[in-house]
Amino acid sequence: DQQVKQNSPSLSVQEGRISILNCDYTNSMFDYFLWYKKYPAEGPTFLISISSIKDKNEDGRFTVFLNKSAKHLSLHIVPSQPGDSAVYFCAASENPNLGSQGNLIFGKGTKLSVKP
Amino acid sequence: KAGVTQTPRYLIKTRGQQVTLSCSPISGHRSVSWYQQTPGQGLQFLFEYFSETQRNKGNFPGRFSGRQFSNSRSEMNVSTLELGDSALYLCASSGNRGTYNEQFFGPGTRLTVL
């Protein structure tokens, strides 16, 4: 049973527009959420995170929104650029610290294509 | 500062064989985690080592094992390979603070089991 779901395998957006990537989770114990970006032939790169005590975290063009009651988070990229084309993974954990209870659970990813 | 390195980058094995993958973390990092990425299951956590001790383990069979050396380099071993073990195996290292957002991934080892 998937605890973290990214229901859209792919998303295509025009350069300059907003990209919205969605993620749903089922485990109410999850307290810490992250987004990673992955280019082909490279490992994932950490993008942005959010703790459950917040509902929004912003870093430059990237903003993550968390709706705990709906068990839903989203990543907004504004404005989208062709270099943002990659696979984006949502991940969740009960704790932000490695080695603590619970592991990092990933979604299956959404492939974002930003067209010039 | 050099990133996380993994060797080999590509590997082809046959069913029943065993394989050892290697990961060298970023200098000074003491935590090394391993993940398996497959098209069907996505990215799944295998285990994490810190100062030569396994600190956390995912839900994988005992055929998957690992170890960490005193220089923080880590190896992962898979015995009696099955077709379903074909995957990209990713290693990630983390510094003393040991938080997920400070975890840096290597490029992975692509294992193909025939």
Side-chain angles (χ1 to χ4, degrees), chain A residues 1-10 21 23-25 27 30-52 54 57 59 62 64 75 86-111, chain B residues 3-6 9-10 21 23-26 29-60 68 72 74 87-110:
Chain A
D1 183 36
Q2 270 189 276
Q3 296 186 67
V4 178
K5 295 179 187 177
Q6 293 178 255
N7 291 320
S8 298
S10 62
L21 296 103
C23 179
D24 297 294
Y25 62 96
N27 188 343
F30 285 150
D31 226 22
Y32 193 68
F33 305 87
L34 306 94
W35 284 94
Y36 291 86
K37 179 168 76 171
K38 186 180 185 299
Y39 293 119
E42 293 183 16
T45 303
F46 167 73
L47 207 51
I48 192 168
S49 63
I50 189 166
S51 156
S52 62
K54 291 185 168 184
N57 189 24
D59 184 1
F62 302 91
V64 56
L75 174 69
V87 177
Y88 288 79
F89 291 96
C90 165
S93 175
E94 295 180 23
N95 191 297
N97 299 316
L98 286 154
S100 55
Q101 183 180 348
N103 306 319
L104 193 59
I105 308 295
F106 285 84
K108 292 189 179 180
T110 296
K111 185 175 182 179
Chain B
V4 178
T5 57
Q6 292 187 245
R9 292 293 309 277
Y10 302 91
L21 312 181
C23 171
S24 292
I26 291 171
H29 284 191
R30 292 195 293 164
S31 166
V32 173
S33 298
W34 288 90
Y35 296 84
Q36 180 196 64
Q37 185 185 4
T38 58
Q41 297 298 321
L43 262 160
Q44 292 183 285
F45 171 77
L46 279 153
F47 28 66
E48 187 237 349
Y49 285 86
F50 183 84
S51 292
E52 302 179 64
T53 301
Q54 188 181 89
R55 195 162 62 167
N56 211 345
K57 190 178 187 307
N59 192 24
F60 277 80
Q68 187 180 32
S72 294
S74 176
L88 180 67
Y89 289 89
L90 292 158
C91 160
S93 77
S94 180
N96 285 336
R97 284 184 62 188
T99 52
Y100 286 116
N101 63 342
E102 295 180 323
Q103 207 174 25
F104 296 88
F105 284 82
T109 293
R110 172 73 61 185

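Letters go in sequence order (proteins before strands), and every chain restarts at 1.
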Between B/P107 and A/A41, what is the shortest heavy-atom contact and its length?
CB-O, 4.0 Å
Select, from B/Q44, B/Q103, B/Q54, B/R9, the one with the greatest count of heavy-atom pairs under 4.5 Å involving chain A.
B/Q103
Taking A/K108 for the side chain and B/G40 for the main chain, is one N or O donor matched with an acceptor at less than 3.5 Å?
yes
Under 6.0 Å between ring centres: does that hold for A/Y36 and B/F105?
yes
Atom NZ of B/K57 with >12 non-hydrogen neighbours under 6.0 angstrom
yes
Is chain A contacted by the side chain of B/T38, its backbone, both, or neither, given a heavy-atom distance below 4.5 Å?
neither
Go through the atoms of B/Y35 and report whether side chain, backbone, both or neither lie under 4.5 Å from a heavy atom of chain A.
side chain
Of the backbone (N, CA, C, O) and the side chain (C-beta and beyond), which part of B/L90 lies under 4.5 Å from a heavy atom of chain A, both, or neither?
side chain
Toward chain B, the part of A/F46 with a non-hydrogen atom under 4.5 Å:
side chain
Pairing residues for A/K38 by the side chain to side chain contact (heavy atoms under 4.5 Å, CB included) criterion, not counting sequence neighbours:
A/P44, A/F89, B/Q37, B/L88
